[in-house]
Undergrad: 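Handing you this structure, nothing more for now.
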Amino acid sequence: MTAKQEQTAITPTRAQDYPEWYQQVIRAADLAETSPVRGCMVIKPWGFSLWENIRAALDRMFRETGHVNAYFPLFIPLSFLEKEAEHVEGFAKECAVVTHHRLEAGPDGKLVPAGELEEPLVVRPTSETIIGATYAKWVQSYRDLPLLINQWANVVRWEMRTRLFLRTTEFLWQEGHTAHETKQEAWDETVRMLEVYRKFAHDYMAMPVIAGEKTPCQRFPGAVNTFCIEAMMQDRKALQAGTSHFLGQNFAKASEIIFQNRAGEREFAWTTSWGVSTRLIGGILMTHGDDNGMVMPPRLAPSHVVILPILRSDSDRAAVLAYCEELAAALRAAQYDGAPVRVELDARDQNAGEKSWQWIKKGIPVRVEVGPRDIASNSVFVGRRDKAPRERYGQNRAEFVAGIGALLEDIQNSLFAKADAFRAENTVDIGGMDDFRAFFTPANAGKPEIHGGFARAHWCGGAECENSVTNELSVTIRCVPSGEADETGKCVVCGSPSPRRVIFAKAY
RNA sequence: CGGGGUGUAGCGCAGUCUGGUAGCGCAUCAGCUUUGGGAGCUGAGAGUCGCGGGUUCAAAUCCCGCCGCCCCGACCA
């Protein structure tokens, strides 16, 4: 082997500079770019198609659990936001506010806002309050419940620091808002939707997650309980990938969602809300992406297969293209995940190797090269995105077409298995504070290397202990995992008795 | 919003210290040659050097102010 390292499509590599790698993959895979507006992004067709597939799959799951879609206004009267005290406190600092409704030419010819609004409008950071006000009108009787509504929308949160997909000023999401007759029903809904998210992450994103509950410090403003799914990225930091909130009667009280119950009494409804956002795209990138770019899980990939004709000479050209067209048609007639296989035929007149690398960077699951030799032997030359770029194999064309669904499913499963193994390798049980510090302290403080992971450690339940590790090590409690057996122990910070382990990690 | 870094062609960068009218690689376009793995040769196009002001005969370069982006911190999906 020569001293020269094998060239990677992305520089720097993950190990060299993870945040820079992340940005370069977004560029190289043509997912998105920054915009003239600070903190806002342009989602490009290849990235948006991924979002559309996420949306379609989740939307189906929401309908299967009895929900319907609706749409509520982008603008929320300021007074609505003021109704729930904790909610105000949580969001006030990051609200964009509309104060005028007209532009007029100023003395220097420039446009200036005019027509000041009587009441400023807040661009929704989330829609609990305006949906609550609407539900208050819709709900009179227990017969009007439950209300099970979702909306796909954009929201704005004026964040200090933004990162493409992970935290942008404007982002796309879905927010489910439900109202129920009983506490139990609302609680069940909260847990049901958390499970929908967990299943979606596992089955579609091929991203293992831990479902659990947030500590009081990390709760959604105004919620009684907040549940979440937490994933581990390849820099071993945690990414909150979805949340489901049990809101109790807090927002019903704020918005006066009152119904007459079966006993004829007036009662506040029990509500929930739950959401996932375009952040999931960042999650997919950081779960599966490698030093050659994006890796799309087949079930969500904008396209499954790209056919790359090898056009060696003009005399071959027509025959090769015809063979490729037939192959594309045969693949499109095949099914994967209950729908036709999505196929690209890249007949652009460019160097074959260059085109191939472009598709590798975009993360398409399967590449198929077809040249005169393949046609002569009635075969195709196949490359999988979950394998090394040069690790390819020839296969009989009919077998390849017949097996395309199984191949895509195999890639989907291998991505999950790899991510799951990575998470397992970087999840450790920790007992004492010395080990805890060692786990979360980088060896090189000047330019921290990838370090840490998920620490499963005991916690007494006290906010002081939680805050102390956050202040000292920038480590937060990601969640109290659901469905784990109780295990008594001693709090990693203070040594007090603890009923169970929780997940500590650095987080996005 | 505090500390650090950075901003020069679509992308990655040199040039800045020591002021002299902008360069390299990749990409793009044209032509020819190539073609089973990120092609070669020749030629071409493309930059208000982040923005604004100042010093100077002359500013990418020096000075002042502002802005964007990245990292760390506070905050968060």
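A, B, ... follow the sequence lines: proteins, then strands. Residue 1 opens every chain.
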Undergrad: Assign Glu20(A) to base, sugar-phosphate, or nothing according to its heavy-atom contacts below 4.0 angstrom with the strands shown.
TA: nothing
Undergrad: Grab the CZ-P distance between Arg478(A) and A77(B) for me, whole Å please.
TA: 9 Å
Undergrad: Would you indicate what Leu280(A) reaches in the nucleic acid, counting non-hydrogen atoms under 4.0 angstrom: base, sugar-phosphate, or nothing?
TA: nothing
Undergrad: With both distances under 3.5 angstrom, what nucleotide forms a Watson-Crick or G-U wobble pair with G68(B)?
TA: U6(B)
Undergrad: Please compare Ala9(A) and Gln24(A) by the position of their nearest nucleotide in RNA chain B and report the one closer to 5'.
TA: Gln24(A)
Undergrad: Taking only the side-chain heavy atoms of Ile310(A) (C-beta and beyond), determine which of G12(B), G36(B), G38(B) contains the nearest atom.
TA: G36(B)
Undergrad: Below 3.5 Å, can you tabulate the donor-acceptor pairs from side chains in residues 85-94 of chain A to any protein atom, sequence neighbours excluded?
TA:
residue	atom	partner	partner atom	Å
His87(A)	ND1	Pro221(A)	O	3.2

Undergrad: Looking across every strand, which nucleic acid part, if any, lies under 4.0 Å from Leu239(A) by heavy atom: base, sugar-phosphate, or nothing?
TA: nothing
Undergrad: With both distances under 3.5 angstrom, what nucleotide forms a Watson-Crick or G-U wobble pair with G23(B)?
TA: C13(B)
Undergrad: Within the sub-3.5 Å range, which N or O atoms of nucleotides 72-75 of chain B have a protein N or O partner, and how far apart are they?
TA:
residue	atom	partner	partner atom	Å
C72(B)	OP2	Arg161(A)	NH2	2.5
G73(B)	OP1	Ser474(A)	OG	2.7

Undergrad: Between Leu166(A) and Arg373(A), who's closer to the 5' end of RNA chain B by nearest nucleotide?
TA: Arg373(A)
Undergrad: Expressed as a whole number of Å, how far does the P atom of A58(B) sit from that of G54(B)?
TA: 12 Å
Undergrad: Which nucleotide wins on minimum distance to the side chain of Pro372(A), given the candidates G36(B), A39(B), A77(B)?
TA: G36(B)
Undergrad: Looking for any heavy atom pair under 4.0 Å, which part of the strands does Phe220(A) touch: base, sugar-phosphate only, or nothing?
TA: nothing
Undergrad: Sort out the partner of U61(B) for me: Watson-Crick or G-U wobble, both distances under 3.5 Å, none otherwise.
TA: none
Undergrad: Would you mind pulling out the nucleotide paired to C1(B), Watson-Crick or G-U wobble, both distances under 3.5 Å?
TA: G73(B)
Undergrad: Going by the rule salt bridge (charged side-chain N to carboxylate O under 4.0 Å, His left out), which residues pair with Arg60(A) if we only count those two or more places apart in sequence or in a different chain?
TA: none
Undergrad: Do any side-chain nitrogens or oxygens of Asn351(A) fall under 4.0 Å of OP1 or OP2 in A39(B)?
TA: yes
Undergrad: Less than 3.5 Å apart, any donor N or O on the side chain of His245(A) or Thr226(A) sitting next to an acceptor on the other?
TA: yes
Undergrad: Without decimals, in angstroms, what is the distance between Gln16(A) CD and C71(B) C1'?
TA: 17 Å
Undergrad: Do any pairs count as a salt bridge (Lys or Arg N to Asp or Glu O under 4.0 Å) and have a residue in residues 276-286 of chain A, sequence neighbours left out, and if so which ones?
TA: none
Undergrad: For Arg317(A), enumerate each residue passing the salt bridge (charged side-chain N to carboxylate O under 4.0 Å, His left out) test, keeping only those at least two apart in sequence or located in another chain.
TA: none
Undergrad: Across all strands shown, which nucleotide pairs with A39(B) by Watson-Crick or G-U wobble geometry, both distances under 3.5 Å?
TA: U33(B)
Undergrad: Show me the pairs that pass salt bridge (Lys or Arg N to Asp or Glu O under 4.0 Å) and involve residues 211-225 of chain A, at least two apart or across chains.
TA: Lys214(A)-Glu230(A)
Undergrad: Rounded to whole angstrom units, what separation is found between the CG atom of Asn154(A) and the P atom of A77(B)?
TA: 18 Å
Undergrad: Considering only NZ, NE, NH1 and NH2 on the basic side and carboxylate oxygens on the acidic side, decide whether Arg385(A) and Asp290(A) come within less than 4.0 Å.
TA: yes
Undergrad: Could you tell me whether the phosphate oxygens of C70(B), OP1 or OP2, come under 4.0 Å of any side-chain nitrogen or oxygen in Gln23(A)?
TA: yes
Undergrad: Classify the nucleic acid contact of Gly39(A) as base, sugar-phosphate or nothing, counting any heavy atom under 4.0 Å across all strands shown.
TA: sugar-phosphate
Undergrad: Suppose we screen for salt bridge (charged side-chain N to carboxylate O under 4.0 Å, His left out). Which residues come up paired with Asp420(A), at least two apart in sequence or across chains?
TA: Arg423(A)
Undergrad: State which of C70(B), A77(B), G38(B) makes the closest approach to the side chain of Ser277(A).
TA: A77(B)
Undergrad: Reckon Thr168(A) touches a base, only the sugar-phosphate, or nothing at all at heavy-atom distances under 4.0 Å?
TA: base
Undergrad: Please collect all ring-ring contact (aromatic ring centres under 6.0 Å, His included) contacts where either partner lies in residues 358-398 of chain A, sequence neighbours excluded, each pair once.
TA: Trp46(A)-Trp359(A)
Undergrad: Base, sugar-phosphate, or nothing for Lys214(A), non-hydrogen atoms under 4.0 angstrom?
TA: nothing
Undergrad: Would you call Glu326(A)-Arg397(A) a salt bridge at under 4.0 Å N-O?
TA: yes
Undergrad: For U28(B), which nucleotide is its Watson-Crick or G-U wobble mate, given both distances must be under 3.5 Å?
TA: A44(B)
Undergrad: With C1' as the reference atom in both, quote the distance from C69(B) to C51(B) in angstrom, rounded to an integer.
TA: 15 Å
Undergrad: Rounded to whole angstrom units, what separation is found between the CD1 atom of Ile10(A) and the P atom of G38(B)?
TA: 17 Å
Undergrad: So which protein N/O to nucleotides 65-67 of chain B N/O distances come out below 3.5 Å?
TA:
none

Undergrad: What I want to check is whether the side chains of Arg478(A) and Thr476(A) have a donor and an acceptor closer together than 3.5 Å.
TA: yes
Undergrad: Could you state the interatomic distance from CD1 (Ile284(A)) to OH (Tyr204(A)), rounded to the nearest 0.5 Å?
TA: 13.0 Å
Undergrad: Roughly, in whole Å, what's the span from CZ in Phe165(A) to P in A77(B)?
TA: 19 Å
Undergrad: Kindly point out which of A77(B), C69(B), G36(B) is positioned nearest to the side chain of Phe381(A)?
TA: G36(B)
Undergrad: Return the pairing partner of U55(B) with a 3.5 Å limit on both distances, Watson-Crick or G-U wobble; otherwise return none.
TA: none
Undergrad: Taking atom C1' of C70(B) as reference, at what distance in whole Å does atom CE of Met41(A) sit?
TA: 17 Å
Undergrad: Starting from C1' on G36(B), measure out to CD1 on Ile307(A) and report it in whole angstrom.
TA: 17 Å
Undergrad: Strictly below 4.0 Å, heavy-atom distances to any atom of RNA chain B: list the hits from residues 55-63 of chain A, or just say none.
TA: none
Undergrad: Of all residues at least two apart in sequence or in a different chain, which pass the salt bridge (charged side-chain N to carboxylate O under 4.0 Å, His left out) check with Arg14(A)?
TA: Asp291(A)
Undergrad: Using atom types as modelled, flag every donor-acceptor pair under 3.5 Å from a side chain in residues 189-202 of chain A to any protein atom, sequence neighbours excluded.
TA:
residue	atom	partner	partner atom	Å
Glu189(A)	OE1	Arg192(A)	NH1	2.8
Glu189(A)	OE2	His67(A)	NE2	2.6
Glu189(A)	OE2	Trp274(A)	NE1	3.4
Thr190(A)	OG1	Ala186(A)	O	2.8
Glu195(A)	OE1	Arg198(A)	NE	2.9
Glu195(A)	OE2	Arg198(A)	NH2	2.9
Tyr197(A)	OH	Gln174(A)	OE1	2.5
Tyr197(A)	OH	Gly275(A)	N	3.0
Lys199(A)	NZ	Asp203(A)	OD2	2.9
His202(A)	NE2	Val209(A)	N	3.3

Undergrad: Distance check, P atoms only: C11(B) and U48(B), in whole angstrom units.
TA: 13 Å
Undergrad: Between Leu164(A) (CG) and G68(B) (P), how many Å, whole number?
TA: 15 Å
Undergrad: Quote, to the nearest angstrom, the C1' distance that separates C62(B) from U16(B).
TA: 10 Å
